[in-house]
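Written below as structure tokens is the structure these notes are about.
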Amino acid sequence: SINAEYMGANMMHVLEQFFKKIGVQKLRFKPAFNPYTEPSMEVFGFHEGLKKWIELGNSGMFRPEMLRPMGFPEGVGAIAWGLSLERPAMMMYKFNNIHKLVGAHVDLPFVKNAPITRITF
């Protein structure tokens with residue numbers, strides 16, 4: 001429907017603006033299935049170091065039957081998104097291996113000495 005197309009485009013715009021703020025410029029969206037959202041999309045960002053697209057998270061517009069029990073009025077939309085923060089951080093610091101950020105091979109001196117990332121909106 002036109003409303004679903006508008007909601008999906010609006011959601012994509014919000015996600016594009018969010019990821020631009022943290023330095024991810026190239027995004028792709030792939031339709032997906034999530035039981036509580038419609039439309040639903042996976043979000044991918046292009047990793048320049050790896051020269052490939054990597055999954056950054058999942059998103060969707062909450063279905064009306066999910067919002068009604070929370071007291072939202074009819075016709076109100078809400079974005080649902082679950083984003084992996086490790087992947088954008090991996091891209092921001094130009095790591096080719098996610099294990100530099102998480103897991104047994106994490107680079108502890110880097111973590112201790114890296115400047116705190118601040119996102120300003």
Looking at every heavy atom in both [X] and [Y], which two are closest together, and how far apart are they?
| X | Y | result |
| --- | --- | --- |
| Ala80 | Thr37 | CB-CG2, 3.7 Å |
| Ala32 | Glu42 | CB-CG, 3.8 Å |
| Val24 | Gly45 | CG1-CA, 4.3 Å |

Next on the checklist: Could you work out, with side-chain contact (heavy atoms from CB on, under 4.5 Å) as the rule, every residue matching Glu74, not counting sequence neighbours?
Outcome noted: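 Result, side-chain contact (heavy atoms from CB on, under 4.5 Å) vs Glu74: Arg68.
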
Next on the checklist: Can you list everything that forms a side-chain contact (heavy atoms from CB on, under 4.5 Å) with Phe29? Sequence neighbours excluded, please.
Outcome noted: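 Partners of Phe29 by the side-chain contact (heavy atoms from CB on, under 4.5 Å) criterion, ordered by chain and then number, come out as Met12, Leu15, Glu16, Leu27, Met41, Val43.
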
Item to check | Pairs touching residues 47-61 that satisfy side-chain hydrogen bond (donor to acceptor under 3.5 Å, both in side chains), sequence neighbours left out | outcome: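 Residue pairs passing side-chain hydrogen bond (donor to acceptor under 3.5 Å, both in side chains), neighbours aside: Lys26-Glu48, Asn34-Asn58.
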
Checklist entry - Between CE of Met11 and OG of Ser40, what distance do you get to the nearest 0.5 Å? => result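 Going from CE on Met11 over to OG on Ser40, the span is 7.0 Å.
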
Checklist entry - If you round to the nearest 0.5 Å, how far is CZ of Phe62 from CE of Met70? => result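 Nearest 0.5 Å value for the CE-CZ distance: 5.5 Å.
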
Check whether any side-chain heavy atom of [X] sits under 4.5 Å from a side-chain heavy atom of [Y], and report yes or no.
| X | Y | answer |
| --- | --- | --- |
| Gln17 | His13 | yes |
| Glu38 | Met61 | no |
| Phe44 | Ile54 | no |

Item to check | hydrophobic_cluster_shared for Tyr36 and Val76, side chain cutoff 4.5 Å | outcome: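 Yes.
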
Checklist entry - Does one hydrophobic cluster hold both Leu56 and Ile79, with members joined at side-chain heavy-atom distances below 4.5 Å? => result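 Both belong to a single hydrophobic cluster.
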
Item to check | Summary of ring-ring contact (aromatic ring centres under 6.0 Å, His included) pairs that have at least one residue in residues 63-86, sequence neighbours excluded | outcome: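 As it turns out, the ring-ring contact (aromatic ring centres under 6.0 Å, His included) pairs with a partner in residues 63-86, which skip direct neighbours, are Phe18-Trp81.
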
